[in-house]
Amino acid sequence: MTGDAVSRSYEDVAVGEELPELSIPLTRTMIVATALASRDYQDVHHDPSLAVERGSKDVFMNILTTNGLVDRYVTGWAGPAAVVRAIRIRLGAPNYPGDTMVLTGTVAAKDDSGGRVEVAVRGVNAIGPHVTGTVVVELPAVQAPVVQVQAVEAQAVEVRGSGA
């Protein structure tokens, strides 16, 4: 998801609208670094041999990272003026290194009284659904038209001092 940092307005969003999908390559470095960055020192997120000993096939992504990626996905679509009001997610299949998680979303509901939009989100990897849930964002009303400002030429002003 790339483009200008333009915020969606509440009026421009329709129930049923689909968000563009976002593919996220899952590297070992990403999984380990994001677990440590979120201060999740559980060994299953950074030590492959201990993860296997505990019944996993490898290290796997922690829920805080998944939560952050879901937030990034929805706010990337909604724009910088969007305010996240709620994130409700449920984890499923683990995200392992070497896989790709594909996030998709659909506008599920709108609340006219608060300018809030609920987006149903799903993140799937090769095993199956990794994350499902909803994100509620508050969007601004229709944006005012962009006003073009003309540059004013700077005029040289001679300042005479009283010194020698």
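One is the number of the first residue; the rest follow in order along the sequence.
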What residues form a salt bridge (Lys or Arg N to Asp or Glu O under 4.0 Å) with Arg116, not counting sequence neighbours?
Glu138
Give a yes or no answer on whether the side chain of Thr65 reaches the backbone of Met61 with a donor-acceptor pair at less than 3.5 Å.
no
Give every donor-acceptor pair under 3.5 Å between a side-chain atom in residues 92-104 and any protein atom, sequence neighbours left out.
{"residue": "Asn95", "atom": "OD1", "partner": "Asn125", "partner atom": "ND2", "Å": "2.8"}
{"residue": "Asn95", "atom": "ND2", "partner": "His130", "partner atom": "NE2", "Å": "3.3"}
{"residue": "Tyr96", "atom": "OH", "partner": "Ser56", "partner atom": "OG", "Å": "3.2"}
{"residue": "Asp99", "atom": "OD1", "partner": "Ala126", "partner atom": "N", "Å": "3.4"}
{"residue": "Asp99", "atom": "OD2", "partner": "Ala126", "partner atom": "N", "Å": "3.0"}

Inter- and intrachain pairs under salt bridge (Lys or Arg N to Asp or Glu O under 4.0 Å), touching residues 35-64, at least two apart:
Arg28-Asp58, Asp43-Arg54
With Thr134, which residues qualify under side-chain contact (heavy atoms from CB on, under 4.5 Å), at least two apart?
Arg88, Glu118
So, using ring pair (Phe, Tyr, Trp, His ring centres under 6.0 Å) as the criterion, who are the partners of Phe60 when residues are at least two apart?
His45
Close side-chain approach of Arg122 and Glu21, heavy atoms under 4.5 Å
no
Does the side chain of Val136 come within less than 4.5 Å of Val117's, by heavy atoms?
no
For a side-chain contact (heavy atoms from CB on, under 4.5 Å) check, start with the C-alpha distance between Val121 and Thr132, then their side-chain angles and the critical distance, and finish with the verdict.
CA-CA 6 Å; Val121 177; Thr132 55; over 6 Å; no
Separation between CD of Glu18 and OG1 of Thr106, rounded to the nearest 0.5 Å:
5.0 Å
Side-chain (Thr27) to main-chain (Met30) donor-acceptor, under 3.5 angstrom:
yes
Applying the 4.5 Å side-chain criterion to the ILVMFWY set and letting contacts propagate, would Val32 and Ile24 be lumped into a single cluster?
no
Closest contact, heavy atoms only, Ser7 versus Ala81
OG-N, 2.6 Å
Got Thr75 and Val84 here, is their nearest side-chain heavy-atom distance under 4.5 Å?
yes
Decide whether Ile63 and Val74 are clustered together by the hydrophobic rule: side chain heavy atoms of Ile, Leu, Val, Met, Phe, Trp, Tyr closer than 4.5 Å, transitively.
yes
Sequence neighbours excluded, which residues qualify as side-chain contact (heavy atoms from CB on, under 4.5 Å) partners of Pro25?
none
Residues Val83, Val137; criterion side-chain contact (heavy atoms from CB on, under 4.5 Å); working and verdict:
CA-CA 5 Å; Val83 177; Val137 290; over 6 Å; no
Is the backbone N or O of Gly76 less than 3.5 Å from a side-chain atom of Arg72, with the two atoms forming a donor-acceptor pair by type?
no
Results of side-chain hydrogen bond (donor to acceptor under 3.5 Å, both in side chains) for Ser23 - residues two or more places apart only:
none
Partner set under side-chain hydrogen bond (donor to acceptor under 3.5 Å, both in side chains) for Ser113, not counting sequence neighbours:
Asp111
Side-chain heavy atoms of Pro20 within contact of Trp77, under 4.5 Å:
yes
Contact between Val44 and Val59 at the side-chain level, heavy atoms closer than 4.5 Å - yes or no?
no
Verify the distance criterion only: is there a donor paired with an acceptor across the side chains of Thr34 and Asn62 at less than 3.5 Å?
no
Backbone of Gly105 reached by a side-chain donor or acceptor of Tyr73 within 3.5 Å
yes
Heavy atoms of Leu139 and Ala78 approach each other most closely as CD2-CB, 3.8 Å
Taking Val119 as the starting point, is it possible to reach Val124 by hopping between hydrophobic residues whose side chains are less than 4.5 Å apart?
no
Rounded distance [0.5 Å steps], CG in Leu64 versus CG in Leu69:
11.0 Å
